[in-house]
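Hydrogens, waters and symmetry mates play no part in the numbers below; they use all other heavy atoms, side chains included. Every value quoted in this text rests on a predicted model; they were computed, and no experiment measured them. Residue indices begin at 1 and follow the sequence shown. First listed ligand is number 1; within each ligand, the first listed atom is number 1.
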Amino acid sequence: MRALEAITGTDTIKTITTHYIDGAFVESHGRELMDIINPTNGQVVARVTLADQEDARRAIAAAKRAFASFGRTPKEERMEILRRLHKAVSARIADLTKTMVEEYGGVVRFAGPIVQAGANVFLAAERALHELPLTRSWGKTTVTMEPVGVAGLISPWNANAFFLCMKLASAVAAGCTVVMKPSELSALQTRVWLECVHQAKLPKGLCNVVAGRGEVVGAELVRNPDVAKISFTGSAAVGRSIMRDGAATMKRVTLELGGKSPNILLDDADLKKAIPSAFIIGFLNNGQACVAGTRLLVPKSRFDEVKQAIVDTIAAFPVGDPADPKTAVGPMVNQKQYERVQAYIRKGIEEGADVLVGGEGHPPGLESGYFVKPTVFVNVKNDMTIAQEEIFGPVLSVITYEDEEDAIRIANDTEYGLHAYVSGTDIQRVRRVASQIQAGRVAINGLLDDQQAPFGGFKQSGVGREFGIYGIEAFLEPKAILE
Ligand code: NAD
């Protein structure tokens, strides 16, 4: 197989004109062209033809046809498909990582592990499916968990290869057929990923992928009565529109939205570990991560020490070429995102926070890409804009608290509730604090993951859960038969 089968063009600019429908790469009906720009240098790397409403409808029709048989497959058959997907994606980790670096500037030290996590999620779903009872009965009643139908899976650009794996894994495990609508900014990684899907030889029509604009292809999935469920990862604004517009056809929805996650350092935290960890958590994926811990809550009594530790540690998180394994922070995905981050940095200064490191503008020597300076604000009040809104860039807000109760109050004083982090030495106390945070996940002493643990948001961070049996259940509908 060629390195990028179905991608044509010169070495420098690739061309993608097809979508994946009914088990084949088919020419786009949509005619709109879009350039993919490498954010490290502003150069065009690919030109893609975007799908239109007709492409979306063809994909939905294929998924609907395939559901008639795939929806009735036994567990073992779906488990076998999940194993094949794991194998196929595992074989292309390096290619997927390369496209993530090229296409949105994901640093290689993040992109590699997240792609590997994407491959692993198929095995995690296989295990969860094995453990999940799909039939329960008592007396003369039998309840079976049935796949909900055709699912529309809509994903963002910030680690798209991972989201594609995660959403497909749960849907396949449940017995749903899918139409996937990845972000239009992730055409290259989507294409390599599709080659993996093709290699895995799934039943025709099980997995269809149409890459087009959200307001065209995404909106068609949300409106179309043949789509039973939408699983969406993206911004809160689009999530709200999906919930509203999906109501017309009573769509089941899973919404994974934004966050403004607190990272609480308790007063016995070891700053030698906790501050580097705060940077890893805060600058994750160049700060473009829904789970980024962007509010660093520190005890007032240790504020000076924390400031010193931040100044001493920032040099270990260099900004620069995302392909360099030493780089911790790469560019923002595009000019718009660059400007958005700059606007928030200006807003923080205007509202009275102090820049401890970083600030406005490009880092010196990195003017040609969409690089921003990793920035830490101190003297931030939790009601300031930079402490309440998701910036989606490498910008940390340090907020001081008086005591444990105050830390918990500030942590929960947000409209979001996706993730939280607590660090400290007294583990009983860390657990006590963690238990009082309103968030779908709370990680203790660092950045942690468990692909069987539910992932999703409290409050305005979303609706529903992904991963493990929780993620599969989101694609199932209970049916009771009473004799
Ligand atoms: P976005 O909401 O702009 O786009 C996400 C997807 O929705 C894209 O595929 C887009 O084309 C599509 N879309 C846009 N308008 C649509 C519409 N009207 N109908 C249907 N689909 C539509 O988000 P983004 O900028 O790609 O990603 C960044 C956001 O995603 C951030 O807010 C981030 O926090 C969030 N995010 C959340 C998670 C999570 O798991 N909770 C993970 C990653 C990113």
Is there a polar contact, in the sense of an N or O pair closer than 3.5 Å, between [X] and ligand 1?
X      : value
Ser461 : no
Leu257 : yes
Thr233 : no
Glu390 : yes
Lys181 : yes

In the protein, which heavy atom is nearest to atom 17 (C) of ligand 1, and how far is it?
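Closest protein heavy atom to atom 17 (C) of ligand 1: Gly214 O, 3.4 Å.
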To the nearest 0.1 Å, how far is atom 1 (P) of ligand 1 from its closest protein heavy atom, and which atom is that?
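For this ligand atom, the closest protein heavy atom is Ser235 OG, 3.6 Å.
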Closer than 3.5 angstrom, by distance alone: can the side chain of Arg295 be matched with the main-chain N or O of Ile410 as a donor-acceptor pair?
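Indeed, once roles are kept as given, a pair shorter than 3.5 Å links the two residues.
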Could you tell me whether the side chains of Arg92 and Gln199 share a donor-acceptor contact shorter than 3.5 Å?
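On atom types as modelled, these side chains do not qualify, holding no pair under 3.5 Å.
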When you measure from atom 9 (O) of ligand 1 to each heavy atom in Ser155, Gly212, Pro156, which option holds the nearest one?
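Looking at heavy atoms only, the winner is Ser155.
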Nearest heavy atoms of Cys176 and Ala151, plus distance in Å:
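Residues Cys176 and Ala151, closest heavy atoms: CB-CB, 4.5 Å.
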Let me confirm one number: the NZ-CG distance from Lys260 to Asp413, rounded to the nearest 0.5 Å.
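Rounded to the nearest 0.5 Å, the NZ-CG separation comes out at 13.0 Å.
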So, 4.0 Å and heavy atoms of Gly462: is ligand 1 close enough to count as a contact?
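Under 4.0 Å: no for Gly462.
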At less than 4.0 angstrom from any non-hydrogen atom of Asn158, what atoms of ligand 1 do you find?
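Those atoms are 43 (C), 44 (C).
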Please identify which atoms of ligand 1 are closer than 4.0 Å to at least one heavy atom of Glu184.
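Here the atoms of ligand 1 in question are 10 (C), 11 (O).
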